[in-house]
Amino acid sequence: MLGSTYDTYDSNASFLSNVFSTYFNHVVAENGCKWDATEPSRGTSDLTECKAVQSFASSNGASFRGHNTFWHSQTPSWLPGSISASDLVNNVIPQHVQQEIQGMGSSVTSWDVVNEVVGDGVSNGMSALQCVQNKKAWPTQTSDNSNTALVADLSFIHAAFSTALKYADSNTRLAINDYNTGAQDAKTACIFAVLADINANAGIPYNRLAVGFQSHISSTNFASKAALVANFAKLASLGADALITELDIALPSATSGNERLQAAIWGDYLDACLYASNCHEFINWDPRDDMSWLGTNEAGTLFDSNGNPKPAAYEVAARLQRYAAGEPMLCATALGTGQCMASAPAGSSTGGSAPSSSAPSSTPVSTSSAPPTTTTTPSTGGTAAHWGQCGGQGWTGPTVCAAPYTCQVSNPYYSQCL
Ligand code: G3I
């Protein structure tokens, strides 16, 4: 599933209608499902905007994911307030998570159950609790910057996940979502530690869990494809899913060279997900540069400020079509062709399709210049998975859905297993 963000009050309605009916097939509310929007006063559930975004997805034949049921930011005015640790853990969080997940129903591929709970000053070897206390944010401490301890353990995370497990559909993955993750580094190690804690101490089975790698990166600061592949494989070995949840790639300037590097990095992140057995959601944060939270000048999205596709948008379409055609993952990456065998004999397999030019180089590699046509969602084997594409103009993948799902026509370009 290839997605982006949407809120009903977004500008550029005609662009959004077009891009979500032809290019993206997955939607997340940029703000509409957050605590400030969904529980304006304690115990009062207001899912109007969140449901409106879910309806927008459905009307465009797209699937929907939920972001988020707990975050220390964008809280309603009554939070954090003077709520005690025990009231928060035993009442406030369970009530909010139940209201939101139960209210949003079963058509949610995954929920960001907790968002951005791991600190940025962590170091290797920290325990899950140390990783979260390093955030130095509510609710492990009060929000008045007095460094006063509030919730002294990870019970707030356990409460969120155990409530989510109780009320979410059995097909919905429950994610811990965070930024600056995906490389082989201390924050990603902390994510794995917190995931293990959620499994062990909240009793959440790994086959219900996921890690959301937000991926707010730049052309000078990104995780290598090799690191992403290794982290996704580690999650797969546990039975957990990997999600790319908020990808944007800021540029120092929108030169053609920077945009081609951006395309190569986008291709690496997409390939790491496409060719992983446990990555089925690839979300881009804000669909075009003038709508980006980064600001227009960062040029961090797939479409420019006139709504025209950038090289990265073509690259994404090309990688999807390459995958759907059964081609192996490229060995060349944004870091060059060092991964490719320099002198592979003609016609031999190189564990990826090495570019015809053989010498390794540091030139970023992107593979496309064709405009995006329709989204192709990869399938697994002879049948298409739940939510996967199963038909549409130009579709060459499976047309039969894995039981009990059926192939339903969303539009001439896209049929999905629902
Ligand atoms: O809705 C109000 C509007 O009524 C008011 O007139 C206007 C001016 O104050 O503010 C509007 O709310 C804004 C909201 O976006 C909706 O547009 C908030 O001020 C603004 O802070 C909020 O920004 C969002 C930000 O999260 C908040 O932290 C961004 O759009 C959104 O892209 C961003 O997304 C986060 C993810 O949720 C988590 N990961 C990081 C990512 C980027 O920060």
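When a ligand or atom number is given, it counts from 1 through the structure's own listing order.
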Side chains of L88 and V92 in contact at under 4.5 Å (non-hydrogen atoms)
yes

Just to confirm my output: which protein heavy-atom neighbour is closest to atom 41 (C) of ligand 1, and how far is it?
E246 OE1, 3.5 Å

Which of these, K34, Q214, E49, M291, has its nearest heavy atom closest to atom 35 (C) of ligand 1?
K34

Exceeds 12 heavy-atom contacts within 6.0 angstrom, atom CG of N201:
yes

Top protein contact for atom 38 (C) of ligand 1, by heavy-atom distance
E116 OE2, 3.3 Å

Ligand-residue contact atoms, ligand 1 with Y9, heavy atoms, under 4.0 Å:
16 (C)

Going by the order shown, which atoms of ligand 1 are within less than 4.0 Å of some heavy atom of H67?
36 (C), 37 (O), 38 (C)

Say whether W71, considering both its backbone and side-chain N or O atoms, lies within less than 3.5 Å of an N or O atom on ligand 1.
no

Compare L294, N31, T5 and give the one whose heavy atom is closest to atom 14 (C) of ligand 1.
N31

Around D144, counting heavy atoms of other residues, nucleotides and ligands shown, do more than 12 lie under 6.0 Å from its CG?
yes

Quickly, which of T245, T109, D112 forms a side chain to side chain donor-acceptor pair (under 3.5 Å) with R65? Name it, please.
D112

Less than 4.5 Å apart, side chain to side chain, heavy atoms only: is that true for V97 and K166?
no

Less than 4.5 Å apart, any side-chain heavy atom of K187 and any of D120?
yes

Backbone, side chain, both or neither: what part of Y179 comes under 4.0 angstrom of ligand 1, heavy atoms only?
neither

W293 N/O under 3.5 Å from ligand 1 N/O
no

Considering only the protein, which heavy-atom contact is closest to atom 27 (C) of ligand 1, and what is its distance?
Q74 OE1, 3.0 Å

Pi-cation contact, F64 with K51 (under 6.0 Å, within 45°)
no

Tell me whether N68 has any N or O atom under 3.5 angstrom from an N or O of ligand 1.
no

Report yes if some N/O of D286 lies less than 3.5 Å from some N/O of ligand 1; otherwise report no.
no

Between the side chains of E49 and T8, is a donor N or O closer than 3.5 angstrom to an acceptor N or O?
yes

Any N/O pair W285/ligand 1 closer than 3.5 Å:
yes

